[in-house]
Amino acid sequence: MTTNINTKQLKRDASPHLKVNRSSQWVMQQVLVALIFPFIAAIYFFGWRVILMVGLGIVSALLAEYGYQKLTNKTVTIQDGSAAITGVLISLSLPVTAPLWTIVIGNLFAIIVVKQLPGGIGRNLFNPAVAARVMLKLFFSPWITNWVLPGPDLVSTATPLEAIGNWTPVVGAEVPGLWDLFVGNQLGGPVGETSKLMILLGMAYLVARRIIPLQLPLLYLSGLAIVTALYGDFSYVYYMTHLLSGTAFFAATYMVTDYSSQPLTPDGKIIFALLAGILTGIIRIVFDFPGGVGIAILVMNGCSPWLDSYLAPRIYGHKKRIKNNKAARQRVKRV
């Protein structure tokens, strides 16, 4: 039995024929929503200037990307939200006393040098916000390391990392307690990294929306905990102080999980996160430098192509894994 079908009445759309609400723009929007939690905490602890900092960060990042793409005759992509996220991350990574021009410089470096020059989103080897953060600390420390305690008086203070790093195996009396470190009381530092409670809420949101896997932040924090526990003779207070101080939780949530600068292979992601945490602990203990998290992540960003080349899945019909870095990353993307 045959049936005559009028093909003109059939709806024929271009492939793929998948109805999925997730897009790169939607993913970026979810990350921005998750950043609201530390943003609110920053306003609570450091005041309304935080709004100006974040607003300037977003605007300068968007203008940097728009201006570069217009001048180079490339497609303008500011609508995807990635530049806005970079602007927020850089702004929240600075103290409330940071001059506003440092935010602009950080975004110009992140967007143009780190992101756009290699080819744009998805082609950048290094995380733009992390690279800008490290650059600012290296060259503009007199202006962006003036830490102050939360409150209207802007009393200068030191970060807890200055008391537990550089071969220090114990926690001094000047370091706030674990609860204060967790909620952000009496803690100086970057405005968005003060309250680990609010950062955890942002992490929970991203995990619930399936934007990031929970294992990556946990692996990063576990790597940091292993190193500091071993060096601190397994003192709970010592390694928990390391976990709750500095950028560890903020980086574990918003930077280690960055799609563009992490490995593409599942095993590569696991090794990337764990080694980044271990390297963070080593840098904190050995060096008297507060930017250990950023350096660790950048080092592992640089290792991502190498990890992919050795951990790429074996192509059916081939006995060996792909050894060429570029070919490996291209084929893994297709998988």
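Only heavy atoms go into these numbers, but all of them, side chains included; no hydrogens, no water, no symmetry mates.
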| query | Which heavy-atom pair separates P160 from V175 by the least distance, and what is that distance? | reply | CB-CG1, 4.0 Å

| query | CZ/F234 to CD1/I226 distance, rounded to the nearest 0.5 angstrom? | reply | 9.5 Å

| If you count the non-hydrogen atoms of other residues, nucleotides and ligands that lie under 6.0 Å from OH in Y259, is the total more than 12? | yes

| Going through the checks in order, is the side-chain contact (heavy atoms from CB on, under 4.5 Å) test met by Q215 and I270? | CA-CA 8 Å; Q215 64 176 347; I270 293 173; 4.1 Å; yes

| task | Could you walk me through whether C303 and F272 pass side-chain contact (heavy atoms from CB on, under 4.5 Å), step by step? | result | CA-CA 8 Å; C303 294; F272 170 87; over 6 Å; no

| task | Please report the closest heavy-atom contact between A296 and L279, naming both atoms and the distance. | result | CA-CD2, 3.7 Å

| Under the 3.5 angstrom rule, does the side chain of S195 hit a backbone N or O of V183 as a donor-acceptor pair? | yes

| query | Residues in ring pair (Phe, Tyr, Trp, His ring centres under 6.0 Å) with F182, at least two apart? | reply | W179

| task | Supply the atom-to-atom distance F249 CZ to L181 CG, rounded to the nearest 0.5 angstrom. | result | 10.5 Å

| request: Check side chain to side chain donor-acceptor pair (under 3.5 Å) between Q69 and all other residues, then give those that pass, not counting sequence neighbours. | output: T77

| query | Taking S93 for the side chain and R133 for the main chain, is one N or O donor matched with an acceptor at less than 3.5 Å? | reply | no

| Do side-chain atoms of Y220 reach the backbone of T253 as a donor and acceptor pair under 3.5 angstrom? | no

| task | Starting from the C-alpha separation in whole Å, work towards a yes-or-no answer on side-chain contact (heavy atoms from CB on, under 4.5 Å) for M203 and L206. | result | CA-CA 5 Å; M203 181 191 299; L206 291 175; 5.9 Å; no

| Hey, does L216 have a side-chain heavy atom less than 4.5 Å from the side chain of Q262? | yes

| query | Going hydrophobic residue to hydrophobic residue with side-chain gaps under 4.5 angstrom, can you get from L125 over to Y68? | reply | yes

| Heavy-atom check, side chain of F37 versus side chain of I199, under 4.5 Å | no

| request: Using modelled atom types only, decide if a donor and an acceptor are shared between the side chain of T257 and the backbone of I212 within a distance under 3.5 Å. | output: no

| task | Grab the two heavy atoms, one from P263 and one from G268, that are nearest each other, plus how far apart they are. | result | CG-O, 3.4 Å

| said: For P190, is there any backbone N or O sitting under 3.5 Å from a side-chain donor or acceptor partner on T194? | reply: yes

| field | Donor-acceptor side-chain pairing of S82 and K115 below 3.5 angstrom | value | yes

| said: To the nearest 0.5 Å, what is the distance between CG on L298 and CE on M300? | reply: 11.5 Å

| query | Is there a side-chain contact between L224 and I278 (heavy atoms, below 4.5 Å)? | reply | no

| How long is the span from the CG atom in L161 to the OG1 atom in T241, to the nearest 0.5 Å? | 10.0 Å

| remark: To the nearest 0.5 Å, atom CG of L56 lies from atom CZ of R49 at 9.5 Å

| said: Could you check whether any side-chain heavy atom of F45 comes within less than 4.5 Å of a side-chain heavy atom of V191, counting everything from C-beta outward? | reply: no

| field | Hydrophobic cluster membership, L63 vs I58, 4.5 Å side-chain cutoff | value | no

| task | Measure the shortest side-chain to side-chain distance between Y205 and I36 over non-hydrogen atoms and say whether it is less than 4.5 angstrom. | result | no

| message | What I want to check is whether the side chains of T265 and D308 have a donor and an acceptor closer together than 3.5 Å. | response | yes

| Are W143 and L138 linked, directly or through other ILVMFWY residues, by side chains that come within less than 4.5 angstrom of each other? | yes

| message | Test your reading of the model: is there a side-chain donor-acceptor pair from T102 to the backbone of A98, 3.5 Å cut-off? | response | no

| said: To the nearest 0.5 Å, what is the distance between CD1 on I78 and NZ on K70? | reply: 9.5 Å

| field | Minimal non-hydrogen separation, V114 against F126, with atom names | value | CG1-O, 3.5 Å

| task | Answer yes or no: is there a side-chain heavy-atom contact under 4.5 Å between Q116 and I111? | result | yes

| task | Evaluate the ring planes of F250 and Y254, with Trp represented by its six-membered ring, and classify them as parallel (under 30°), tilted (30 to 60°) or perpendicular (over 60°). | result | tilted

| field | Polar side chain donor-acceptor pair, D258 to S261, under 3.5 angstrom | value | yes

| task | Locate the shortest heavy-atom distance separating D267 from L311; write the atom from each residue and the value. | result | C-CD1, 3.8 Å

| task | Write down the atom of V148, the atom of F46, and the distance for their closest heavy-atom approach. | result | O-CE2, 3.6 Å

| message | In the structure I gave you, are the side-chain heavy atoms of V113 and M135 within less than 4.5 Å of one another anywhere? | response | no

| said: Which label fits Y236 and Y239: parallel for a plane angle under 30°, tilted from 30 to 60°, or perpendicular past 60°? | reply: perpendicular

| Is any side-chain heavy atom of V33 closer than 4.5 Å to a side-chain heavy atom of M28? | no

| Does L71 offer a backbone N or O that forms a donor-acceptor pair with the side chain of K74 under 3.5 Å? | no

| message | Please enumerate all residues that pass ring pair (Phe, Tyr, Trp, His ring centres under 6.0 Å) together with F140, with sequence neighbours excluded. | response | W101

| Between S245 and R284: side-chain donor-acceptor atoms closer than 3.5 Å | no

| field | Donor-acceptor pair between D233 and S235 side chains, under 3.5 angstrom | value | no

| task | Report the residue from L89, I90, V88 that forms a side chain to side chain contact (heavy atoms under 4.5 Å, CB included) with T86. | result | I90

| said: Regarding Q79 and Q25, do their side chains bring together a donor and an acceptor under 3.5 Å, going by distance alone? | reply: no

| query | Is there a donor-acceptor pair closer than 3.5 Å between any side-chain N or O of N107 and the backbone N or O of I103? | reply | yes

| message | Side-chain heavy atoms nearer than 4.5 Å, only ILVMFWY residues, links allowed to pass through others: does that put V134 and F287 together? | response | yes

| Given the rule that I, L, V, M, F, W and Y join up when any side-chain heavy atoms are under 4.5 Å apart, are V59 and L52 in one cluster? | no

| task | Run the numbers on M240 and L244 for side-chain contact (heavy atoms from CB on, under 4.5 Å), then give the verdict. | result | CA-CA 6 Å; M240 283 302 298; L244 295 174; 4.2 Å; yes

